[in-house]
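We use all heavy atoms of the structure for the numbers below, so side chains are in, but hydrogens, waters and symmetry mates are not.
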Amino acid sequence: MEAAFAVALARSAGRSAGGLWVAVGAAMVRGALRAVVEHHALRAAEGTRAGGEGLGGAVREVLCAAVRGLRV
């Protein structure tokens with residue numbers, strides 16, 4: 001999965017797919033997605049509503065945060 005993120009990120013950023021910047025970015029995307037799914041699953045197991053736009057909104061939020069982190 002991370003390799004696919006790296007290819008997509010490299011293509012969209014015009015960078016080498018084998019570069020460190022791309023590797024870090026792909027790891028950030030993977031980690032962000034893992035965190036949001038685990039958070040959503042925990043909320044569901046507790047019987048708590050995720051709030052906001054649900055899982056889709058949370059995914060958009062964490063992906064935006066991961067991308068902003070790459071620009072620092």
Side-chain angles (χ1 to χ4, degrees):
M1 176 171 61
E2 200 167 310
F5 293 149
V7 169
L9 185 57
R11 191 175 300 143
S12 68
R15 292 182 178 247
S16 167
L20 182 58
W21 185 92
V22 170
V24 169
M28 289 171 61
V29 169
R30 180 185 49 81
L33 290 174
R34 189 202 75 227
V36 75
V37 169
E38 288 177 0
H39 177 77
H40 189 77
L42 179 61
R43 295 280 183 159
E46 294 172 343
T48 307
R49 245 180 90 84
E53 295 179 41
L55 181 58
V59 168
R60 279 190 295 280
E61 182 180 342
V62 299
L63 289 178
C64 286
V67 170
R68 278 194 305 272
L70 290 173
R71 294 185 181 157
V72 172

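Residue Glu61 places its CD atom among 12 or fewer non-hydrogen atoms of other residues, nucleotides or ligands, all under 6.0 Å distant.
Across every non-hydrogen atom of Ala17 and Ala6, the tightest pair is O-CB, 4.5 Å. Nearest heavy atom pair, residue Ala66 against residue Ala32, reads CB-CB, 4.3 Å. Across all their heavy atoms, Ser16 and Val22 have their closest contact at O-CG2, 3.3 Å.
No chain of hydrophobic side-chain contacts below 4.5 Å, direct or via other Ile, Leu, Val, Met, Phe, Trp or Tyr residues, connects Leu42 to Val62. The hydrophobic cluster containing Val24 does not contain Val7, counting ILVMFWY residues as joined when their side-chain heavy atoms lie under 4.5 angstrom apart, directly or transitively.
Residues Leu63 and Leu33 meet the side-chain proximity criterion, which asks for heavy atoms closer than 4.5 Å.
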